[in-house]
Amino acid sequence: MIDKLEMFIALAREEHFGRAAAAQGVTQPTLSAAIKQLEDQLGVMLVWRGSRYQGLTPEGQRALDWARRIVGDARSLRQEMRAAREGLSGDIRLAVIPTALTVVADLTEGFTDKHPNVRFSVQSKTSTEILEMLENLEIDAGLTYLDNEPLGRVTTVPVYAERYVLVARSGHPLLAGPVAWGDLGEVPLCLLTPDMQNRRIINQHMAEAGVAVEPQIESTSVVVLVSHVLRSNWATILPVRAAEIFLAGDDLGSVPLVRPDASHTVGLVAPHREPFTPVLTALLDRARTLSDIPAAIPTGR
């Protein structure tokens, strides 16, 4: 039953029999047979069928919620028994918004020394994708915004307050002092793409300041933005924690963005399911130890 429910969840996620089968490491006929056997066991049709996948039936939508719950609990049970037998071990699948990727090292620092049999897998995703992946059991936890857009039913641990700086090549005239959001209307900018919550936050603060957002470069990667800033008169807007790693040398400088002195909370999110696995419990505890660390604003050059 658990294996069939795993395949059912994969089919709902991929919305394609072939892709779902590949994701589960089985053939398409095997997956199709498993779904049909699950329907026979439950006595309802779960999937609308034609020549291809056509979506879940109303009963299938209800069953999907139960499937996620049952599969999640089964995984938790296996991990708890393994921890009782072998100590803390296993994989932590973590999805992180691009602007918080450098903070992952704060989570893992000391954690892997204390628990050497725990491995981390880290992906860069949008805040929306992180919530979807949590729901579909594709990740164990995420690092994302907690206070700007609805999260749904998740467990949260605040880690730090995201504050914003303008980052430009050393010698840029705007690095002389604090810059107001309203001063950015004529500044050539490189920004994250509009599907990123960070970009929506920037759009919001600039709109409130009465200026339009018209970046010349957009990317899903902070590295791409900074590489362009290094080569020209462009500037970018980054959270302090994301900017710090690029400000270690003398090539770039930063200056605080003010009026408003905006702040948004970033933290760890996990499925709203108890008891947590021992590994996830340890990760949540680690995040709580970080939540008192203030975000320091680098001084401009």
Side-chain angles (χ1 to χ4, degrees), residues 1-15 20 23-24 38 46 56 60-84 88-98 100-101 103-104 106-108 111-112 115 117-160 197 264-291:
M1 175 65 83
I2 298 297
D3 289 343
K4 295 185 183 75
L5 292 175
E6 293 258 20
M7 294 183 197
F8 177 54
I9 293 170
L11 179 60
R13 180 181 69 245
E14 300 293 338
E15 298 182 340
Q24 292 298 109
L38 185 60
L46 301 174
L56 300 182
Q61 291 287 354
R62 294 282 300 277
L64 180 60
D65 292 335
W66 280 101
R68 287 168 172 160
R69 192 181 313 173
I70 293 168
V71 169
D73 287 345
R75 291 180 182 177
S76 296
L77 173 62
R78 284 195 292 265
Q79 290 187 30
E80 180 123 8
M81 295 303 99
R82 184 174 61 200
L88 218 57
S89 63
D91 299 321
I92 294 179
R93 301 165 301 166
L94 197 62
V96 183
I97 54 174
L101 284 169
V103 180
V104 176
D106 295 334
L107 282 172
T108 59
F111 188 99
T112 50
H115 308 293
N117 293 322
V118 175
R119 298 174 299 275
F120 280 84
S121 171
V122 182
Q123 304 178 60
S124 177
K125 297 291 180 180
T126 68
S127 56
T128 300
E129 289 172 331
I130 289 171
L131 296 178
E132 290 175 350
M133 294 176 78
L134 273 179
E135 186 176 46
N136 286 323
L137 307 179
E138 295 175 273
I139 56 174
D140 301 298
L143 196 59
T144 186
Y145 295 97
L146 302 186
D147 61 358
N148 195 57
E149 295 178 357
L151 293 174
R153 284 175 55 81
V154 293
T155 298
T156 63
V157 177
V159 175
Y160 68 97
Q197 192 170 166
H264 295 273
T265 303
V266 176
L268 200 68
V269 295
H272 189 73
R273 181 186 300 112
E274 293 186 0
F276 295 116
T277 64
V279 171
L280 186 54
T281 297
L283 183 66
L284 291 168
D285 289 342
R286 174 60 180 162
R288 292 185 185 99
T289 68
L290 300 176
S291 61

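Since this is a predicted model, take the numbers as computed values, not measurements.
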Minimum heavy-atom distance between L134 and P271, given as atom pair plus value: CD2-CD, 3.6 Å
Heavy-atom side-chain contact between Q123 and V96 under 4.5 Å: no
Nearest-0.5 Å distance that lies between atom CG in L107 and atom OG1 in T112: 11.0 Å
I92 side chain near L280 side chain, heavy-atom distance below 4.5 Å: no
Verdict with reasoning, L64 to F8, per side-chain contact (heavy atoms from CB on, under 4.5 Å): CA-CA 8 Å; L64 180 60; F8 177 54; 4.1 Å; yes
N/O donor-acceptor pair under 3.5 Å between E14 side chain and L11 backbone: no
4.5 Å side-chain heavy-atom contact, L94 and I139: no
Non-hydrogen atoms of A100 and Y160 that approach each other most closely: CB-OH, 3.5 Å
OG1 on T144 to CD1 on I130, rounded to 0.5 Å: 4.5 Å
Spacing of CD belonging to E149 relative to NE2 belonging to H264, to within rounding of 0.5 Å: 10.0 Å
N136: partners by side chain to side chain donor-acceptor pair (under 3.5 Å), with sequence neighbours left out: R68
Shortest non-hydrogen contact between P158 and S291, atoms and distance: O-CB, 2.8 Å
Main-chain N/O of M133 paired to R13 side chain as donor or acceptor, under 3.5 Å: no
Min side-chain heavy-atom separation L5-D3 under 4.5 Å: no
Least distance between heavy atoms, P98 atom then S124 atom: CG-OG, 3.6 Å
Flag side-chain contact, heavy atom, 4.5 Å: Q61 against D65: no
With sequence neighbours excluded, residues passing side chain to side chain contact (heavy atoms under 4.5 Å, CB included) with D73: R69, R273
Nearest heavy atoms of L46 and A63, plus distance in Å: CD2-CB, 3.7 Å
Contact check, side chains of V266 and D147, non-hydrogen atoms, under 4.5 Å: no
ring-ring contact (aromatic ring centres under 6.0 Å, His included) involving F111 - partner list, sequence neighbours excluded: H115, F120
Under the side chain to side chain contact (heavy atoms under 4.5 Å, CB included) test, residues paired with H272 that sit two or more places apart: R153, T155
All side chain to side chain donor-acceptor pair (under 3.5 Å) counterparts of S127, not counting sequence neighbours: Q197
Heavy-atom check, side chain of T156 versus side chain of L151, under 4.5 Å: yes
Exercise: identify the closest heavy-atom pair between L284 and A270: CD2-CB, 4.3 Å
Ionic contact status for R93 with E138, cut-off 4.0 Å: no
Spatial distance of atom CG (D140) from atom OG1 (T277) [nearest 0.5 Å]: 6.5 Å
4.5 Å side-chain heavy-atom contact, E135 and L131: no
Spacing of T128 atom OG1 and I97 atom CD1 [to the nearest 0.5 Å]: 11.0 Å
Partner residues of D285 under the side chain to side chain contact (heavy atoms under 4.5 Å, CB included) criterion, sequence neighbours left out: T281, R288
